[in-house]
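Take a look at the structure set out below.
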Amino acid sequence: MRISPSLSISSIMASGSATGSGSLMWFRKGLRIHDNPALEYASKGSAFVYPVFVIDPHYMEPDPTAFSPGSTLAGLNRIRFLLESLVDLDLSLKKLGSRLLVLKGEPSEVVIRCLKQWNVKKICFEYDTDPYYQALDMKVKNYASSAGIEVFSPVSHTLFNPADIIQKNGGKPPLSYQSFLKLAGQPSWASSLLSVSLSSLPPVGDIGSCEISEVPTVRELGYEDYEQDELTPFRGGESEALKRLKESISNKEWVANFEKPKGDPSAYVKPATTVLSPYLKFGCLSSRYFYQCLTDVYKNVKKHTAPPVSLVGQLLWRDFFYTVAFGTPNFDQMKGNRICKQIPWNNDDELLAAWREARTGFPWIDAIMVQLRKWGWMHHLARHCVACFLTRGDLFIHWEKGRDVFERLLIDSDLAINNGNWLWLSCSSFFYQYHRIYSPISFGKKYDPNGNYIRHFLPILKDMPKEYIYEPWTAPLSIQKKSKCIIGIDYPKPVVSHDSASKECKRKLAEAYALNQKLNGQVSEDDLKTLRRKLEGDEIQEPRSKRSRQNPTDLS
DNA sequence: ATACCGTTGTACTG
DNA sequence: CAGTACAACGGTAT
């Protein structure tokens, strides 16, 4: 990593205007120029601005022990998406007469070191509700106030300020979408004027002895022999986000009639949704700008759909989960989570690995897991299918395990939304109708009877006749041979029988719910252990349920 | 205590 | 494609 020569020149020039004050713009999420209140404030009345991004090695550096290429925390697809977003941000800053200063290390330490070395009067960064940033920001704020540096940290990642909604509700977050809507009311902030679009930025000041680099490439980070086939088709960055947004809203009929549950999860050539989630996640796209574009479309059509199913409804779901996550201690785990049902999930690393590695033997499930691995994105309903299958539908494995896999592999993985949806799908919170189980066979079939989606992501099954493609283990051996795919050799047998496994899951959830109700949610680890023993005991007594684990004689 | 509701279940019927 | 039975949860309003 070297110091850019162009920076040295500009820094000499900037330091010439010693009388002006400087500000530090700390980018984390909010990787955009448009509608960026922190950036706007940083540049206002400043002689120079330091736009900083800190690379946290924990997030970026290769971890060879992880189950997929990437760092300890993020898969390669999301790291690449972030780097592309940073390159785009750097280009946009350069067009405005600035540039991105990339530093490396523990972010709060690096930022505090910069504050010590540079002559800045204010530090600006988007407010972040994630516990990780709450902790970092506390350290930075404490230092800044002790040093007499102004801190400006506006809420601009979401439409509403989660703290406001929680306060309105008497200190607790609303737990249903409808009650959230009621509390949120009309999004006045969301309709307010966007931050002015910047035509230029003050130059970067003297960087002293800080080690500044360009945005690194994945190669420079140490991902030399990454697998090309795990390359997501979605490119990161604000420019890409705005292009995608423009394309989406250009079809006014589509925007006006959008109904989330009616989307086709098997559509992959042209996905059934906007695929703006990764851009919202990194703040390449302002949720407020997106909101205003949508309401503009609504104004110009006769009628349009409404929350929860409309596109605006999707943005509000995002705010809903942000609010609940912010107001719920231990939101990302079962233990100590006030809103989470305590359920004696199974520990089965073999079944977990089969799910994660797309070898459950259910083509619909496995194809979705391949799409996750390769694209880092799947349709919302596809996520439902695999999440339900892993947890309450078939495998009865802890939602935290599935959450970890999604968190790593999704390019749009977002603490609040990812955990919120796993809580939802596992019937641990928000949603409790555990008898409604997605069939790993029939759900996909009704959208894609020919199995094109499966054929694309699981090419081993590309010649399987459509009659068998969702249940290839039922195909006669002659058909398997003709399709060049022998079940049990070329493609696995199903790891469970869906009928018996889903029945088992329902029975276990009924027992777990009863225990939660009896103990008023105060379920201890011992209580869970006892229940787990009881459930296993029942299993041994009932020969029928022993079949929940598939064996070859059950096939066909 | 009771009725109604909840972004996105399945399988069957007309 | 819409309507229905199935079986039946917790949260919320009454």
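Chain naming here is simple, since letters A, B, ... match the order of the sequence lines and numbering starts at 1 in each. These numbers were taken from a predicted model, which means no experiment stands behind them. Just so you know, these numbers use all the heavy atoms, side chains as well, and skip hydrogens, waters and symmetry mates.
- Among residue pairs with one or both ends in residues 400-410 of chain A, those qualifying as side-chain hydrogen bond (donor to acceptor under 3.5 Å, both in side chains) are A:Ser68-A:Arg408, A:Arg403-A:Asn419; sequence neighbours excluded.
- C:dT12 atom C1' lies 13 Å from atom CG of A:Asn169, rounded to whole Å.
- The separation between A:Leu509 atom CG and C:dA8 atom C1' is 13 Å, rounded to whole Å.
- Comparing the P positions of C:dT4 and B:dC4 gives a spacing of 16 Å, expressed to the nearest Å.
- Residues from residues 431-442 of chain A lying near DNA chain B, meaning a heavy-atom separation below 4.0 Å, are A:Gln433, A:Arg436, A:Ile437, A:Tyr438, A:Ser439, A:Ser442 in numerical order.
- Taking the six-membered ring for Trp and the full ring otherwise, the centers of A:Tyr453 and A:Phe457 sit less than 6.0 Å from each other.
- The separation between A:Leu181 atom CG and C:dG11 atom P is 19 Å, rounded to whole Å.
- Residue contacts shown for A:Phe430 are absent, as no nucleic acid heavy atom lies under 4.0 Å away.
- No engagement by A:Lys506 is indicated, since no non-hydrogen atom pair under 4.0 Å with the nucleic acid exists.
- Here, C:dA13 and B:dT7 have their P atoms 14 Å apart, quoted to the whole Å.
- A:His384 and A:Phe443 have their aromatic ring centers separated by at least 6.0 angstrom.
- One interatomic measurement links the two molecules: CG of A:Leu515 to C1' of C:dC9, which rounds to 16 Å at whole-angstrom precision.
- A heavy-atom distance below 4.5 Å is not found between the side chains of A:Leu390 and A:Leu425.
- Look at the P atom in both C:dG3 and B:dC5: the space between them is 16 Å, to the nearest Å.
- What separates CD of A:Gln517 from C1' of C:dC9 is a distance of 10 Å, to the nearest Å.
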Dot-bracket for DNA chain C, 5' to 3', counting Watson-Crick or G-U wobble pairs under 3.5 Å, with [ ] for crossing pairs and | for inter-strand pairs? ||||||..||||||
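- Residues satisfying the ring pair (Phe, Tyr, Trp, His ring centres under 6.0 Å) test with A:Phe389, not counting sequence neighbours, are A:Phe362.
- Atom P of B:dA1 sits at a distance of 26 Å from the matching atom of C:dA7, rounded to the whole Å.
- In this structure, A:Gln314 reaches the bases: a heavy-atom distance under 4.0 Å links it to at least one base atom across the strands shown.
- At a threshold of 4.5 Å between non-hydrogen side-chain atoms, the residues A:Phe406 and A:Met378 count as touching.
- Ring geometry, A:Trp364 versus A:Tyr470: the interplanar angle falls from 30° to 60°, so the pair is classed tilted.
- Residues from residues 377-387 of chain A that place a heavy atom under 4.0 Å from any atom of DNA chain B, listed by number: A:His380, A:Leu381, A:His384.
- Counting 5' to 3', DNA chain B first comes under 4.0 angstrom of a heavy atom of chain A and last does so at the ends given by B:dG6 to B:dA11.
- Projected onto DNA chain C by closest heavy-atom contact, A:Lys182 and A:Lys341 fall at different nucleotides, the more 5' of which corresponds to A:Lys341.
- The residue from A:Phe320, A:Phe180, A:Tyr177 that alone fulfils the ring pair (Phe, Tyr, Trp, His ring centres under 6.0 Å) condition with A:Phe430 is A:Phe320.
- By the neighbour-count criterion of 12 heavy atoms within 6.0 Å, atom CD of A:Gln134 is densely surrounded, having more than that number from other residues, nucleotides or ligands.
- Taking the six-membered ring where the residue is Trp, the centroids of A:Phe290 and A:Tyr279 are separated by 6.0 Å or more.
- Here the side chain of A:Asp128 pairs no donor or acceptor atom with the backbone of A:Tyr133 at under 3.5 angstrom.
- Between A:Lys29 and A:Asp130 there is a salt bridge, since at least one side-chain N of the basic residue sits less than 4.0 Å from a carboxylate O of the acidic one.
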Please evaluate residues A:Leu509 and A:Phe396 with respect to the criterion side chain to side chain contact (heavy atoms under 4.5 Å, CB included), reporting the C-alpha separation (whole Å), side-chain torsions for both, the decisive distance (0.1 Å), and the verdict. CA-CA 9 Å; A:Leu509 271 175; A:Phe396 213 70; 4.1 Å; yes
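- Heavy atoms from other residues, nucleotides or ligands lying under 6.0 Å from NZ of A:Lys446 number more than 12.
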